[in-house]
Colleague: 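I have a structure I would like to understand better, so I am pasting it below and will then ask my questions one at a time.
Whatever order the structure lists them in is the order used to number ligands and atoms, beginning at 1. When a residue number appears, it is its place in the shown sequence, counting from 1.
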Amino acid sequence: MYSSDSDGLAAARVQLVTYSARLLADGLAIGSAGNMSVRAGDAVAITPSGIGYADMAPEDVCVVALDGTELDNRETPSSETPMHLAIYAATNATAVVHTHSPEVIALSAARDELPAIHYAITGLGGPVRVAPYVRFGSDKLAAAAVGALNDRSAVILRNHGAVTHGRDLAQAYDRALLLEWLARTYRMALSYGEPATLSPAELDEVTTETRRRRYGERRASPP
Ligand SMILES: [Zn+2]
């Protein structure tokens with residue numbers, strides 16, 4: 001049963017405030033734009049609508065059920081709550097980060113996909129698709145984001161921003177930074193002409209090697 005003082009939700013509130021400040025500092029959003037959430041069991045802690053990140057306190061963070069029912073809110077939950085909940089329903093994510101970061105927005109207006117010009121894109125599951133434009137805060141945007149996400153951990157929203165997810169807020173946030181870095185790197189590469197891209201086989205090779213090395217690290221670490 002839902003409990004407003006559960007340890008998971010209390011930790012999520014503090015984390016969301018901490019990462020909201022980083023969102024501004026890292027240039028992934030300005031003012032109160034963008035939003036983030038963390039799933040704790042059958043509840044989702046999500047940043048409020050219309051409060052500047054610099055002024056946000058843990059008690060301003062909203063809590064909603066997986067079906068969108070508001071549970072413990074003195075503020076209005078983010079306008080993109082439907083998109084966050086749709087991603088939790090469609091994936092095994094426990095954190096979602098939505099940014100209005102300039103490099104991905106610029107790319108979204110001109111391209112259908114962020115191609116693989118660097119192997120680090122395997123950290124997002126491969127080339128990142130651009131979802132068609134739909135008005136912010138709508139169920140149609142939630143559906144478009146989930147549809148373009150598919151087997152990736154990132155999706156770009158045309159003329160809007162980007163969404164990443166992960167097993168926790170740190171991973172989802174790191175993926176948002178990686179996505180912005182990849183978009184910037186791609187734009188720089190375009191200034192030289194049409195960049196070379198990595199093939200699906202080359203990306204698969206990177207993924208296999210990354211997994212092999214992680215497995216090796218686990219085996220080598222003490223119990
Ligand atoms: Zn947005």
Side-chain angles (χ1 to χ4, degrees), residues 12 15-39 44-56 60-64 68 70 73 75-91 93-114 124 128-150 152-166 169 171-184:
Q15 265 195 332
L16 285 166
V17 171
T18 303
Y19 275 89
S20 292
R22 279 196 64 188
L23 202 67
L24 290 181
D26 290 333
L28 297 182
I30 56 169
S32 64
N35 33 74
M36 289 182 276
S37 68
V38 174
R39 179 177 175 176
V44 173
I46 188 162
T47 50
S49 172
I51 295 188
Y53 290 124
D55 303 321
M56 194 186 301
D60 294 327
V61 172
C62 300
V63 180
V64 300
E70 292 196 31
N73 303 331
E75 300 293 337
T76 304
S78 162
S79 55
E80 297 297 2
T81 298
M83 183 169 68
H84 287 250
L85 297 178
I87 291 171
Y88 289 122
T91 69
T94 52
V96 173
V97 171
H98 168 46
T99 67
H100 285 185
S101 52
E103 294 286 352
V104 290
I105 294 171
L107 180 139
S108 81
R111 292 286 188 276
D112 294 326
E113 184 180 78
L114 173 62
L124 304 175
V128 179
R129 303 176 195 95
V130 176
Y133 176 79
V134 187
R135 177 181 57 78
F136 81 94
S138 62
D139 290 340
K140 282 185 177 171
L141 178 61
V146 167
L149 197 59
N150 197 6
R152 305 291 191 261
S153 56
V155 61
I156 296 168
L157 310 176
R158 173 152 286 147
N159 304 116
H160 183 160
V163 187
T164 54
H165 66 74
L169 190 54
Q171 186 182 56
Y173 191 86
D174 283 348
R175 285 173 170 168
L177 284 176
L178 173 62
L179 179 63
E180 182 71 355
W181 179 82
L182 287 166
R184 183 166 73 249

Colleague: Quick check: are there more than 12 heavy atoms from other residues, nucleotides or ligands sitting under 6.0 Å from CG of Asn73?
Modeller: yes

Colleague: Counting only protein N/O/S, how many atoms fall short of 2.8 Å from the Zn ion (ligand 1)?
Modeller: 3

Colleague: Kindly say whether Ala148 contributes a backbone atom to a donor-acceptor pair with the side chain of Arg129 at under 3.5 angstrom?
Modeller: yes

Colleague: Main chain of Asn159, side chain of Ser108: is a donor-acceptor contact present, judged purely on distance under 3.5 Å?
Modeller: yes

Colleague: As a quick check of understanding, evaluate side-chain contact (heavy atoms from CB on, under 4.5 Å) for Asp26 and Glu180, giving each step before the final call.
Modeller: CA-CA 10 Å; Asp26 290 333; Glu180 182 71 355; over 6 Å; no

Colleague: Evaluate Val97 against Arg175 for side-chain contact (heavy atoms from CB on, under 4.5 Å), listing each step before the verdict.
Modeller: CA-CA 9 Å; Val97 171; Arg175 285 173 170 168; over 6 Å; no

Colleague: Step by step, work out the side-chain contact (heavy atoms from CB on, under 4.5 Å) result for Met83 and Leu157.
Modeller: CA-CA 11 Å; Met83 183 169 68; Leu157 310 176; 4.0 Å; yes

